[in-house]
Amino acid sequence: MPARLLSIPAVAAALDVDRRTIYRFIAAGDLPVVDLRTGTGRSRIRVPAAGLDEFISSRAVAAPRPRR
């Protein structure tokens, strides 16, 4: 089965952040992309769903310990 690809607005909605934040994550190499360019025009990038899952897992933090 082919990998599920997500648009930038869909990834932004899933993470509850602005699209510009997603582009910063991509530029930093934190989120993988697939370029669906069909010609010399603008590129059409998508984020593999598995790449988004890995990104979320890598950013997960442990719950804070309760205060005494």
About how many Å separate [atom2] of [Y] and [atom1] of [X], when rounded to the nearest 0.5 Å?
X: I22; Y: F55; atom1: CD1; atom2: CZ; value: 6.5 Å
X: L31; Y: E54; atom1: CG; atom2: CD; value: 10.0 Å
X: I45; Y: L6; atom1: CD1; atom2: CG; value: 12.0 Å

Check whether any side-chain heavy atom of [X] lies under 4.5 Å from a side-chain heavy atom of [Y], and answer yes or no.
X: L15; Y: T21; value: no
X: V11; Y: V17; value: no
X: R4; Y: P48; value: no

Students should find that the hydrophobic cluster of V34, defined by side-chain heavy atoms under 4.5 Å apart, otherwise consists of L5, L36

Taking only residues two or more places apart in sequence or in another chain, which ones pass salt bridge (charged side-chain N to carboxylate O under 4.0 Å, His left out) with D16? none

Considering all heavy atoms, the nearest R19-P9 contact: CD-CG, 4.0 Å

Between R59 and D30, does at least one N-O distance fall below 4.0 Å, as a salt bridge requires? yes

